[in-house]
Structures are given as C-alpha cells and as structure tokens.
Amino acid sequence: MISTKSWVPSKTLLPDIVHGARKEILCLRSSGTRCLKYVSCHSSSNKSTPQASLVICSSSIDGRTGLSWGSFCQDPSFRRNTVGQTFCSVGSWTYDGAALENPSHVMEEKVGVLLLNLGGPETLNDVQPFLFNLFADPDIIRLPRLFRFLQRPLAKLISVLRAPKSKEGYAAIGGGSPLREITDKQAHALKTALETKGLSANIYVGMRYWYPFTEEAVQQIKRDRITRLVVLPLYPQFSISTTGSSIRVLQHMFREDAYLSKLPVSIINSWYQREGYIKAMADLIEKELQSFSEPEEVMIFFSAHGVPVSYVEDAGDPYRDQMEDCIFLIMQELKAREINNQHTLAYQSRVGPVQWLKPYTDEVLVELGQEGVRSLLAVPVSFVSEHIETLEEIDMEYKHLALESGIKNWGRVPALGVTSSFITDLADAVIEALPSATAMYPSTGPSEVVDHDPFQYLIKIFSGSILAFILLLSSKMVMAVRDLVL
Ligand SMILES: C=CC1=C(C)c2cc3[nH]c(cc4nc(cc5[nH]c(cc1n2)c(C)c5CCC(=O)O)C(CCC(=O)O)=C4C)c(C)c3C=C
Ligand SMILES: [Fe+2]
C-alpha cells in the first residue's frame with residue numbers, strides 16, 4: 001500500500017519533477033483544483049536508469065480527480081499526461097469530489113513482489129524428491145514432444161540413481177541447502193529497502209523445485225488480493241532452465257485463473273546489466289583482491305553454472321550472451337577503478353552425457369595451474385546466494401583441484417546475499433518495473449486456451465509409446481542415464 005509521510009505544497013514539487021531534478025521527494029499536496037495530493041513521489045538517483053522515477057499521485061483535472069501511478073520520464077517517447085507533463089501513467093482511477101473528502105473511498109494498490117528461485121533440499125531426506133522435481137521439469141530434461149510422457153518415470157529413475165552422490169554434497173555443507181534461509185533474508189531486506197523508498201509491498205518467495213513452491217506463493221498472492229505484481233527472478237541472467245522454467249509455471253497458473261489472468265504483472269527477465277548489481281559485484285571482487293599479498297597478480301576466475309550447448313545453439317537461450325556481457329560490464333567497472341587484472345570465464349556443474357557450455361571450470365583450472373598462474377580469485381556469477389555449487393563444488397572440489405594443479409593462492413568472492421547496495425538496486429528494479437505491469441491474459445477466459453482434444457491426446461500417447469519403446473531399448477539411452485547419474 002502507498003505510504004504517506006509528509007505533505008508539502010505541490011507548486012514546489014512539480015517543476016522539480018518536470019525538469020527531471022533527481023531528488024528524493026516523498027509526499028506533497030497541492031491547493032486548489034489542479035492537484036489535490038501526491039501520495040508518494042520518488043526520484044531515482046541511479047544514473048543507469050535515467051528514465052525512471054516512480055510517482056504515485058492523485059490529481060484533480062478538469063473537475064475530475066484521478067489517482068495515477070507511473071513514472072515521470074525524460075524520454076520523449078513516453079506519452080504526456082493530461083496536465084502536459086512528461087508522465088507515463090500506467091493506471092488511473094477516477095472518482096468524484098465526495099470521495100476526496102473521505103479518503104477511504106480511494107482505491108488502494110496492493111503491490112506484491114514475487115521472488116523466484118530454484119529451491120534446495122533442506123534435509124538429506126529431501127534430496128531425492130527434490131531431484132525428482134528438478135528432472136521432471138521439461139525445461140531441465142528437454143525430451144522431444146512425443147516422449148514427454150516419459151518425463152516423470154525418467155525423473156524418478158535419475159533422481160533415485162543420483163541421490164547418493166548429491167546427498168554427499170549436501171552432507172558436506174551441513175546436511176541441506178541454505179537457499180531457503182538466504183532467500184527469505186533477501187525478501188525481508190527487499191521489503192525494508194522498498195519501504196525506505198516509500199513503497200509498501202508484500203514479498204513472496206516462490207521456489208521452482210522445493211518449498212515454498214511457486215504454486216504456494218501464487219495462492220498466497222491470490223488470497224492477499226494483490227492488485228499489482230512484480231516478478232523478480234533471483235537469477236541475474238536469463239536461462240530457459242531457470243527463469244524461463246519458473247515463468248512457464250506462472251504462465252500456466254495465470255492463464256487458468258480468472259483473477260490472475262487479469263492481474264497487472266511486470267516480469268523482470270534479467271537484470272545482470274543493472275549498474276547497481278555490476279557495482280556490487282565489483283565491490284566484492286575489489287575487496288577480496290585485497291586479501292592477496294600481490295592483488296594485481298591475481299587471475300579473476302568467473303565461474304558460471306553451465307547449461308547444455310543445445311539450449312543456446314538450438315533453443316536460443318540468451319544465457320551465454322548475457323553471461324559474457326555481464327563479465328564485460330564487471331571488468332569495465334573494475335577498469336574504471338584502475339583494477340586491471342586478467343580474467344577468464346568458465347562453466348561449472350555439468351550433468352549428463354551431452355555437451356555443456358565450454359570451457360569447463362575443472363579443465364580450465366588445471367590448464368591455468370599448468371600455465372603458471374599462481375593466484376586465483378573464483379567469482380560465482382550466475383547466482384546471488386550461497387548454495388551447494390559455491391559451498392561444495394567451488395570451495396571444496398575446485399579449490400582442491402586448483403591447489404593440486406599448481407595454484408598457490410586461492411580466494412573466493414562470496415555471493416551477494418543481502419549486500420545492501422545490491423538489495424537497494426533490486427528495490428529500484430522493482431519500482432521501475434511497476435508502471436509497466438499489464439495483465440498476462442487480459443481477454444482470454446480460462447476455458448478458451450486449454451487444449452483438451454481427447455482424440456489428439458490418444459494419438460500422441462499411442463505414437464509416443466511406440467517410439468518410447470524403441471528409445472528405451474537403445475543403448476544410447478542406457479548410457480545417457482548412466483552418465484547423468486555418475
Ligand atoms: C543460473 C543458475 C543455474 C542454471 C543455469 C542451472 C541449470 C541446470 N541445473 C541442472 C541440474 C542441477 N542443478 C542442481 C542444483 C542447482 N542448480 C542451480 C542453479 C542453476 N542450474 C543451483 C543454485 C543449485 C543448487 C541448489 C541448492 O540446493 O543449493 C542440481 C542438484 C545438485 C546436484 O545434484 O548437483 C542438479 C542435478 C541442469 C540439468 C541444468 C540445465 C539444464
Ligand atoms: Fe543447476
């Protein structure tokens with residue numbers, strides 16, 4: 001809900017905003033009929049987002065009064081509002097003068113922010129069912145359409161076979177994933193950061209493969225009667241396998257539900273290029289470099305979670321491009337601080353028999369050791385929380401491998417977690433995204449979009465069964481499962 005802090009005469013405010021002064025102006029009111037009150041106004045001081053400054057105001061224009069919500073912008077491509085200021089309004093309600101005397105009549109926005117994340121097993125007993133959920137996701141194991149009905153049996157098989165190895169990893173980091181706890185802390189910090197900026201919002205955490213599931217979060221959003229939602233995946237770069245998968249779940253739920261299909265939603269697909277995030281990453285790297293005796297000699301080693309090459313080359317996943325762009329931006333920021341270390345990017349955590357994005361982290365570490373690199377700073381770059389791949393794979397397996405390969409001095413940058421500059425930037429991202437929220441399915445009713453042709457379904461099952469039989473017999477399949485597990 002909108003918060004009201006103080007009131008100042010509008011005349012002093014309007015020119016400031018219209019001329020783009022980047023001031024933090026909270027609340028104000030006008031006299032007369034022109035603008036009755038501004039509920040909350042913010043002007044972002046972040047230079048990377050020059051067009052964005054959220055303004056929520058109610059104003060009286062030509063005898064009618066409206067509550068508008070949007071961004072003042074300097075970009076001329078945005079349309080002008082009725083009082084001629086550069087204002088991109090995304091929502092407005094009109095109400096009569098009587099309502100103004102009684103503010104309880106004014107419709108209130110109830111803003112929600114849905115944080116999307118992967119989720120992780122909290123105990124060792126959760127590992128196999130968690131893996132099942134992961135491998136049952138058609139965005140993780142991408143079977144041809146006809147074989148989709150095999151997804152769940154295959155997921156069951158792979159999860160059971162992989163569970164012992166995964167359990168070892170989770171046991172080594174204390175018996176479970178820290179992801180839920182860290183994401184809850186991030187949610188709490190984001191709520192506080194938004195409140196500081198004058199926006200009161202409910203924050204929801206929706207995990208893809210473990211509790212609290214995205215589906216539960218969405219049910220809560222419905223119960224809370226949220227009127228405007230920002231979806232913020234906690235993955236800086238977009239991948240079909242992460243953000244894409246979670247958004248697919250949302251699309252499915254929103255399409256089928258009368259309330260959700262009309263709910264104004266703004267999805268932030270990726271945010272790796274935000275100045276606040278890039279600076280926060282550069283801060284962490286700069287700080288960690290100082291722990292080496294010769295900081296300028298250190299190789300900055302970006303290690304990103306990989307995806308199969310086919311995602312990028314066949315399915316058009318922008319993940320690799322975004323990752324490379326992200327590294328470029330971080331290095332540019334470091335150069336601006338006169339930090340000119342060498343750097344490299346490699347991909348970790350590959351699973352299964354197919355080719356993943358190269359170069360592979362384990363292979364590069366060995367090569368660097370052989371080439372004579374003596375100091376190395378590992379930077380996990382695809383995720384903003386500590387998790388099994390940082391705490392076990394990087395801190396244990398890769399560190400061991402690096403030291404064995406001749407690297408003498410090893411360091412690792414912590415994940416961003418609740419670093420305040422990072423959380424503040426996420427809050428800005430949410431505020432900037434709010435005005436562009438639109439209904440996902442404004443005109444389609446739930447029944448119009450669901451494909452329930454029983455004949456087609458039977459044909460699919462029949463032809464799929466035959467092909468599946470052939471596939472299951474093929475030795476390639478057996479090898480694929482074996483490789484996936486080991
Ligand atoms: C940007 C981040 C991630 C991408 C891309 C990604 C793709 C991806 N992952 C798997 C398989 C597994 N991932 C597992 C854990 C895991 N994955 C990510 C992030 C990305 N995955 C995180 C943060 C975590 C850890 C969660 C936690 O518990 O802390 C696992 C389970 C662990 C294990 O057994 O190794 C698997 C399996 C695939 C196949 C894939 C792309 C297709
Ligand atoms: Fe993963």
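Atom set for the values below is all heavy atoms of this structure, side chains included, hydrogens, waters and symmetry mates excluded. Just so you know, residue 1 is the first one in the sequence shown, and it goes up from there. In each ligand, atom 1 is the first atom listed, and ligand 1 is the first ligand listed.
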- Task: For ligand 1, find out whether one of its N or O atoms is nearer than 3.5 Å to an N or O atom of Y235.
- Result: no
- Message: Distance under 4.0 Å to a non-hydrogen atom of Y319: what atoms of ligand 1 satisfy this?
- Response: 1 (C)
- What part of Q237, side chain, backbone, both or neither, has a heavy atom within less than 4.0 angstrom of ligand 1? neither
- Between Y311 and R142, is there a cation-pi geometry (under 6.0 Å to ring centre, at most 45° from the normal)? yes
- Message: Taking the side chain as everything from C-beta on, heavy atoms only, tell me whether T214 gets closer than 4.5 Å to L116.
- Response: yes
- Task: Record the part of W356 in heavy-atom contact with ligand 1 below 4.0 Å; permitted values are side chain, backbone, both and neither.
- Result: side chain
- Message: Check for me whether the distance between the ring centres of F130 and F132 falls short of 6.0 Å.
- Response: no
- Message: Looking only at protein heavy atoms, which one is nearest to atom 8 (C) of ligand 1, and what is the separation?
- Response: H305 CE1, 3.4 Å
- If only atom types and distance count, is the side chain of S266 paired as donor or acceptor with the main-chain N or O of L434 below 3.5 Å? no
- Task: Considering the heavy atoms of G120, write down every atom of ligand 1 situated less than 4.0 Å from one of them.
- Result: 28 (O)
- Query: Do H387 and ligand 1 have an N or O pair less than 3.5 Å apart?
  - Reply: no
- Should E432 and R274 count as an ion pair when the cut-off is N to O under 4.0 Å? yes
- Message: Assess whether a salt bridge exists between E215 and R208, defined as any Lys/Arg side-chain N lying under 4.0 Å from an Asp/Glu carboxylate O.
- Response: no
- Identify whether the distance between the nearest side-chain nitrogen and carboxylate oxygen of K222 and D257 falls below 4.0 Å. yes
- Check whether NZ of the Lys or CZ of the Arg R180 lies under 6.0 Å from the centre of the six-membered ring of Y211 and within 45 degrees of that ring's axis. no
- Measure the acute angle between the ring planes of F383 and Y235, then classify it against the limits of 30° and 60° as parallel, tilted or perpendicular. tilted
- Go through the steps to decide whether T242 and Y319 satisfy the test side-chain contact (heavy atoms from CB on, under 4.5 Å), and finish with yes or no. CA-CA 10 Å; T242 52; Y319 183 70; 5.7 Å; no
- Query: Counting heavy atoms only, which part of E389 comes closer than 4.0 Å to ligand 1: side chain, backbone, both or neither?
  - Reply: side chain
- Query: For atom 26 (C) of ligand 1, what's the nearest protein heavy atom and its distance?
  - Reply: L118 CD2, 3.5 Å
- For ligand 1, is any non-hydrogen atom under 4.0 Å from S241's backbone (N, CA, C, O), its side chain (CB onward), both, or neither? side chain
- Any donor and acceptor pair, going by atom type alone, linking the side chain of T183 with main-chain N or O of L179 inside 3.5 Å? yes
- Note on the structure: Within a strict 2.8 Å cut-off of the Fe ion (ligand 2), protein N/O/S atoms tallied 1
- Could you tell me which atoms of ligand 1, counted from 1 in the order shown, lie closer than 4.0 angstrom to a heavy atom of S177? 27 (C), 28 (O), 29 (O)
- Message: Taking 4.0 angstrom as the limit and counting only heavy atoms of P121, give me the atoms of ligand 1 inside it, by number and element.
- Response: 28 (O)
- Numbered atoms of ligand 1 (with element) below 4.0 Å of F135, judged on heavy atoms: 37 (C)
- Message: Whether K279 and D425 form a salt bridge (side-chain N of Lys/Arg under 4.0 Å from carboxylate O of Asp/Glu) is what I want to check.
- Response: no
- Verify, without hydrogens or angle tests, whether D137 (side chain) and D139 (backbone) share a donor-acceptor contact under 3.5 angstrom. yes
- Message: Can you report which non-hydrogen protein atom sits closest to atom 34 (O) of ligand 1, along with the distance?
- Response: S166 OG, 2.4 Å
- Message: Using a 4.0 Å cutoff against the non-hydrogen atoms of P308, which atoms of ligand 1 qualify?
- Response: 41 (C), 42 (C)
- Message: I need the nearest protein heavy-atom contact for atom 28 (O) of ligand 1: residue, atom name and distance, please.
- Response: Y170 OH, 2.4 Å
- Item | I388 contact mode with ligand 1 (heavy-atom cut-off under 4.0 Å) | both
- Answer yes or no: is there a side-chain heavy-atom contact under 4.5 Å between R412 and T390? yes
- Task: Would you mind checking which non-hydrogen protein atom is closest to atom 35 (O) of ligand 1, with the distance to 0.1 Å?
- Result: R162 NH2, 2.9 Å
- Hey, are the side chains of H387 and P380 touching, using non-hydrogen atoms and a 4.5 Å cut-off? no
- Are W271 and Y277 close enough that their ring centres sit under 6.0 Å apart? yes
- Message: Closer than 4.0 Å to some heavy atom of S382 - which atoms of ligand 1 meet that?
- Response: 1 (C)
- Item | side chain to side chain donor-acceptor pair (under 3.5 Å) assessment of R248 paired with Q251 | CA-CA 5 Å; R248 193 173 48 75; Q251 282 170 338; over 6 Å; no
- Would you mind telling me if ligand 1 is within reach of the side chain of L134, the backbone, both or neither, using heavy atoms under 4.0 Å? side chain
- Identify the closest protein heavy atom to atom 42 (C) of ligand 1: which residue and atom is it, and at what distance? Y311 OH, 3.3 Å
- ligand 1 to F383, heavy atom cutoff 4.0 Å, flagged ligand atoms 23 (C)
